[in-house]
Amino acid sequence: MSTPTTADLAARGLRLDIDDAVATVTLSRPERRNAMTPGMWHGLAMLGASLPARVRVVVVRGAGPSFSAGIDLRMFSGDGIPGEEPVPGAAEPGFEDWIASVQAGYTWLRDPAIVSVAAVQGHAIGAGCQLALACDLRVLADDAKLCIKEPALGLVPDLTGTKPLVEIVGLPRAIELCLTARTVGAAEAGALRLAELVVPAAELDGAVADLVAALLATDAAAARATKALLVQAANNSFEQQAAQAALMRSRLS
């Protein structure tokens, strides 16, 4: 699949910058605090499907003071979002396929071929928080605020964020965070391991750049094989994981 054009991405509220092995995906609707739309989700899926093979690290960030305020709630109004197709009803044929097409905007960030890094400043709410959780690593500015808001709005957080949330914080804490829909500040997010690093807001860009440089210093083939091994570890027995490690070593040699 060819990479979407700059104009098409801009119409979807996205921007893509590629510098050799690093792709930076920017949510670019600062006038709406990067509130997310179906067009944006489908644009993210298009980016994931068309990413050049040379890209090893993907940085996801938001333009302006917020990472993302979550779903653009105009989706659920009578008028909808200008320029967007109406959201299909849950009882309509094809609704499940539509959900899967939206989730595809998130799932590619777990691909073993890349390491994805969320650079989060300000609000990361609902769908925006789930996008940060879809990334392998998160670097938070000290003004970051995370919230799984969907249950408070009568919605289910079904944009793939619940699995990494449970894996990171454990089931009881995940239940508490989702069902109270409370906001987690950067310091608590760091304590809960929802962030690999928390830095002053003015240092966010530098911290992300340092992390990216460290990731790129590792041999590309070894990095991809190691991420693939780590991703499947939770579902493998010790013996299965050891066998996979041996297989990957033989492939690398």
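All values derive from a computational prediction rather than experimental measurement.
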Enquirer: Considering non-hydrogen atoms only, spot the tightest contact between Gln241 and Leu230 and give its length.
Expert: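 Nearest heavy atoms, Gln241 then Leu230: NE2-N, 4.4 Å.
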Enquirer: Without swapping roles, check the side chain of Glu150 against the backbone of Ala127 for a donor-acceptor pair under 3.5 Å.
Expert: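 Checked: pair present.
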Enquirer: What heavy-atom pair brings Asp20 and Arg54 nearest, and what distance separates the two atoms?
Expert: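 Answer, listing the atom of Asp20 first, then Arg54: O-NE, 3.1 Å.
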Enquirer: Please check this pair: side chain of Arg74 against backbone of Ile81, looking for a donor-acceptor N/O pair closer than 3.5 Å.
Expert: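 Absent.
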Enquirer: Tell me if a side-chain donor or acceptor on Thr26 pairs with a main-chain N or O of Arg61 at a distance below 3.5 Å.
Expert: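 Pair absent, no side-chain N/O of Thr26 close to backbone of Arg61.
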Enquirer: With heavy-atom distances below 4.5 Å as the criterion, would you say the side chains of Cys178 and Leu165 are in contact?
Expert: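 Cys178 reaches Leu165 side chain to side chain.
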Enquirer: Identify the heavy atoms of Ser50 and Pro4 that sit nearest to each other, and give their distance.
Expert: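 Heavy atoms only, the tightest pair is OG-CD, 3.4 Å.
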Enquirer: Output yes when a side-chain donor or acceptor of Asn34 lies under 3.5 Å from a complementary backbone atom of Ser66, and no otherwise.
Expert: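 A pair under 3.5 Å: yes.
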Enquirer: Identify which one of Thr183, Ile125, Leu140 satisfies the side chain to side chain contact (heavy atoms under 4.5 Å, CB included) criterion when paired with Leu146.
Expert: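 So, applying the side chain to side chain contact (heavy atoms under 4.5 Å, CB included) to Leu146 and each of Thr183, Ile125, Leu140, only Leu140 qualifies.
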Enquirer: Determine yes or no for a side-chain-to-main-chain donor-acceptor pair under 3.5 angstrom, with Gln121 supplying the side chain and Gly64 the backbone.
Expert: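 At least one qualifying donor-acceptor pair exists.
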Enquirer: Is it the case that more than 12 heavy atoms not belonging to Asp219 sit under 6.0 Å from its CG atom?
Expert: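 Enclosed.
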Enquirer: Between the side chain of Asp72 and the main-chain N/O of Met36, is any donor-acceptor distance below 3.5 Å?
Expert: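 The answer is no, because no donor-acceptor pair under 3.5 Å joins these two groups.
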Enquirer: For residues Phe67 and Val120, report the shortest heavy-atom separation together with the two atoms involved.
Expert: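 Residues Phe67 and Val120, closest heavy atoms: CB-CG1, 3.9 Å.
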Enquirer: Evaluate the criterion side-chain contact (heavy atoms from CB on, under 4.5 Å) for residue pair Val117 and Asp136; output intermediate values, then yes/no.
Expert: CA-CA 6 Å; Val117 179; Asp136 297 310; over 6 Å; no
Enquirer: Counting distance only, does the side-chain N/O of Arg138 pair as donor-acceptor with the main-chain N or O of Ala118 below 3.5 Å?
Expert: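 No, the answer is negative, given that no donor and acceptor are paired below the 3.5 Å cut-off.
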Enquirer: Is a donor on one side and an acceptor on the other found under 3.5 Å between the side chain of Glu84 and the backbone of Met75?
Expert: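 It does not hold such a pair.
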Enquirer: Around atom CD of Glu85, are there more than 12 heavy atoms from other residues, nucleotides or ligands closer than 6.0 Å?
Expert: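 Not buried by this count: 12 neighbours or fewer within 6.0 Å.
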Enquirer: Should Arg32 and Thr37 be marked as a side-chain contact (heavy atoms from CB on, under 4.5 Å) after you check the CA-CA gap, both sets of side-chain angles, and the distance that decides it?
Expert: CA-CA 11 Å; Arg32 300 286 302 175; Thr37 69; over 6 Å; no
Enquirer: Could you walk me through whether Asp111 and Leu51 pass side-chain contact (heavy atoms from CB on, under 4.5 Å), step by step?
Expert: CA-CA 11 Å; Asp111 190 329; Leu51 205 64; over 6 Å; no
Enquirer: Please check this pair: side chain of Glu203 against backbone of Pro200, looking for a donor-acceptor N/O pair closer than 3.5 Å.
Expert: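 Between the backbone of Pro200 and the side chain of Glu203 there is no qualifying donor-acceptor contact (under 3.5 Å).
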Enquirer: Mark yes when over 12 heavy atoms from residues, nucleotides or ligands other than Arg182 sit less than 6.0 Å from its CZ; otherwise mark no.
Expert: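 More than 12 within 6.0 Å, yes.
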Enquirer: Taking the six-membered ring for Trp, are Trp98 and Trp41 parallel (under 30°), tilted (30 to 60°) or perpendicular (over 60°)?
Expert: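 Perpendicular: the ring planes of Trp98 and Trp41 meet at over 60°.
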